[in-house]
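Written below as structure tokens is the structure these notes are about.
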There are 2 protein chains.
Amino acid sequence: MSVAIENFVKAIYSNNLQDHNNTKPGNIAKKLGISNAAATDMAKKLAAKNLLHYEKYQALQLTDKGTKLALNVVRKHRLWESLLFKMFDMSLHEIHREAEFLEHETSDFLADKISEYLGHPKFDPHGDPIPNANGEITTEDTSISLAQAVEGKAYVISRLISDDEEFFDFCQHNGLKFGNTVFIKKQFSKTKMTQVTVFNNTLLLNEDFTNIIYVNEIE
Amino acid sequence: MSVAIENFVKAIYSNNLQDHNNTKPGNIAKKLGISNAAATDMAKKLAAKNLLHYEKYQALQLTDKGTKLALNVVRKHRLWESLLFKMFDMSLHEIHREAEFLEHETSDFLADKISEYLGHPKFDPHGDPIPNANGEITTEDTSISLAQAVEGKAYVISRLISDDEEFFDFCQHNGLKFGNTVFIKKQFSKTKMTQVTVFNNTLLLNEDFTNIIYVNEIE
DNA sequence: ATAATTATTTAAGCATACTTAAATTTTAAT
DNA sequence: ATTAAAATTTAAGTATGCTTAAATAATTAT
């Protein structure tokens with residue numbers, strides 16, 4: 001499968017996780033930086049390859065084959081991130097940027113070597129689960145977004161779901177890091193802002209942030 | 001530059017090393033597994049991009065820009081081979097196979113990280129020199145091919161210039177390995193065969209082999 | 001030197017993955 | 001319910017990197 005196809009199914013896969021399986025060509029076009037027309041075009045082609053179900057004006061649904069392909073690419077992406085993060089002094093944004101290309105040129109053989117070397121990690125440096133060699137995500141995810149977190153409680157950051165350099169920079173500079181503890185000070189229902197503390201740092205986060213920072217409750 | 005272009009200039013570069021700067025479209029076509037027509041076509045396109053000098057029916061000559069691009073890709077290829085060889089239990093053929101793809105999707109930034117991690121190695125696991133970040137090969141190569149070696153003398157294997165799995169398997173099974181000592185027993189001028197010993201192993205090698213096994217004289 | 005072989009080039013065509021512009025359908029607003 | 005806005009689709013066109021077939025030039029053999 002080509003790079004374009006791999007990126008297309010990957011985009012559908014990740015978009016459907018957030019967007020309640022209501023991903024349409026326009027969403028993918030925006031994600032991939034291509035025109036809506038190109039996305040529609042590709043959707044038809046992939047339907048012919050049995051990678052997704054396509055019906056005019058309807059949401060794009062990956063077939064089992066399509067999901068497997070997406071998870072195979074996601075696996076390679078996250079394994080590369082894990083390897084680069086462990087070996088080199090690279091930021092979350094940098095490992096993502098490199099993995100975005102390497103993921104398409106990695107044989108299953110090499111992916112397994114990387115996984116083995118790392119001791120078959122279950123999560124990447126962002127906290128995202130790494131699918132196994134069969135394309136299955138076995139670890140159940142009990143984390144919630146900061147937006148769903150409850151005032152007055154403390155949580156451990158488990159995932160930072162983003163590709164954005166500025167976001168990672170912000171997190172880096174404010175202690176919003178995988179494993180760190182955040183305390184939810186106050187939630188403002190009207191503005192949808194959330195005030196949190198990380199160590200001695202107090203932050204006011206808007207929806208854009210609270211939706212992509214995932215946390216686990218502290219027992 | 002695209003993968004096709006990178007492979008094209010790389011093929012010219014490596015072919016010109018062996019073929020005395022007499023590389024024509026047909027040679028490249030054969031190397032890359034494309035038609036002669038496609039090679040001629042590409043040569044014209046790359047001339048327009050100032051990557052090579054093209055004149056009808058003449059040999060293809062890389063420009064400085066073309067050579068720099070080729071060496072940049074070669075650098076990445078050999079750094080990947082070095083990294084994969086060091087970290088994983090992979091054969092010379094396997095590291096080559098993977099590097100062939102990874103080389104095109106590696107930023108200069110990542111290449112430098114790999115180089116740094118490895119302590120800026122001068123040679124890859126095949127014994128081939130690794131160009132530096134400026135695309136220069138600083139180490140002078142004093143090695144000669146086994147075909148040029150002298151009867152009765154002992155040499156140390158310094159390079160195995162090949163992409164071929166079977167060749168590597170043969171070498172593996174017969175002690176023809178980077179760093180090992182070979183003794184030139186007898187050369188047959190008519191058949192161009194060479195009889196050598198490696199440890200207690202006696203081998204009769206034809207031209208195909210003696211031309212791609214490089215050695216250094218023992219002082 | 002000439003003929004035969006081989007290599008190169010030209011020409012026409014194809015698949016992939018995009019583009020823009022226009023038409024159509026859906027969704028949202030009033 | 002009707003209109004306005006937004007999204008989707010269709011249609012036509014483009015660049016890249018190939019293909020095969022035919023024409024042309026260069027090389028090799030006799």
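Each chain gets a letter, A, B and so on, in the order its sequence line appears, and its residues count up from 1.
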Protein-nucleotide distance (N22(A), atom CG; dT26(C), atom C1'), rounded to Å:
12 Å
In whole angstrom, what separates F8(A)'s CZ from dA17(C)'s C1'?
11 Å
Less than 4.0 angstrom between a side-chain N/O of T40(B) and OP1 or OP2 of dT10(C), yes or no?
no
Round to the nearest Å and state the distance from I34(B) atom CD1 to dT16(D) atom C1'.
13 Å
Is there a ring-ring contact (aromatic ring centres under 6.0 Å, His included) between H126(B) and F85(B) once you walk through the steps?
CA-CA 10 Å; H126(B) 298 286; F85(B) 194 73; 8.1 Å; no
Could you check whether K113(A) makes a cation-pi contact with Y117(A), meaning its NZ or CZ is under 6.0 Å from the centre of the six-membered ring and within 45° of the ring axis?
no
Whether each nucleotide of nucleotides 2-7 of chain C has a protein heavy atom under 4.0 Å at its base (B), only at its sugar-phosphate (S) or at neither (-) is summarised, 5' to 3', as ------
Output for pair (L69(A) CG, I5(A) CD1), nearest 0.5 Å, gives 8.0 Å
How close or far is atom P of dT8(C) from atom CG of N27(B), stated in whole angstroms?
6 Å
What is the separation between atom CG on L46(B) and atom C1' on dT16(D), rounded to the nearest whole Å?
12 Å
How many Å lie between CG on D41(B) and C1' on dT19(D), as a whole number?
11 Å
Quick check on DNA chain D: between A37(A) and A38(B), whose nearest nucleotide comes earlier from the 5' end?
A37(A)
How about NZ on K31(A), more than 12 heavy atoms from neighbouring residues, nucleotides or ligands closer than 6.0 Å, or not?
yes
Using a 6.0 Å cut-off, check whether atom NZ of K122(A) has over 12 heavy atoms from anything other than its own residue.
no
Nearest whole Å is fine: how far is dT9(C) C1' from M42(B) CE?
16 Å
OP1 or OP2 of dT19(C) versus the side-chain N and O atoms of S35(A): is any pair under 4.0 Å?
yes
Does the side chain of K56(A) get closer than 4.0 angstrom to OP1 or OP2 of dT24(C) through an N or O atom?
no
Whether over 12 other heavy atoms sit under 6.0 Å from K30(B) NZ
no
If you count heavy atoms of other groups shown closer than 6.0 angstrom to CZ of F178(A), is the number above 12?
yes
Please state how far atom CD1 in I28(B) lies from atom C1' in dC18(D), giving the value in whole angstrom units.
16 Å
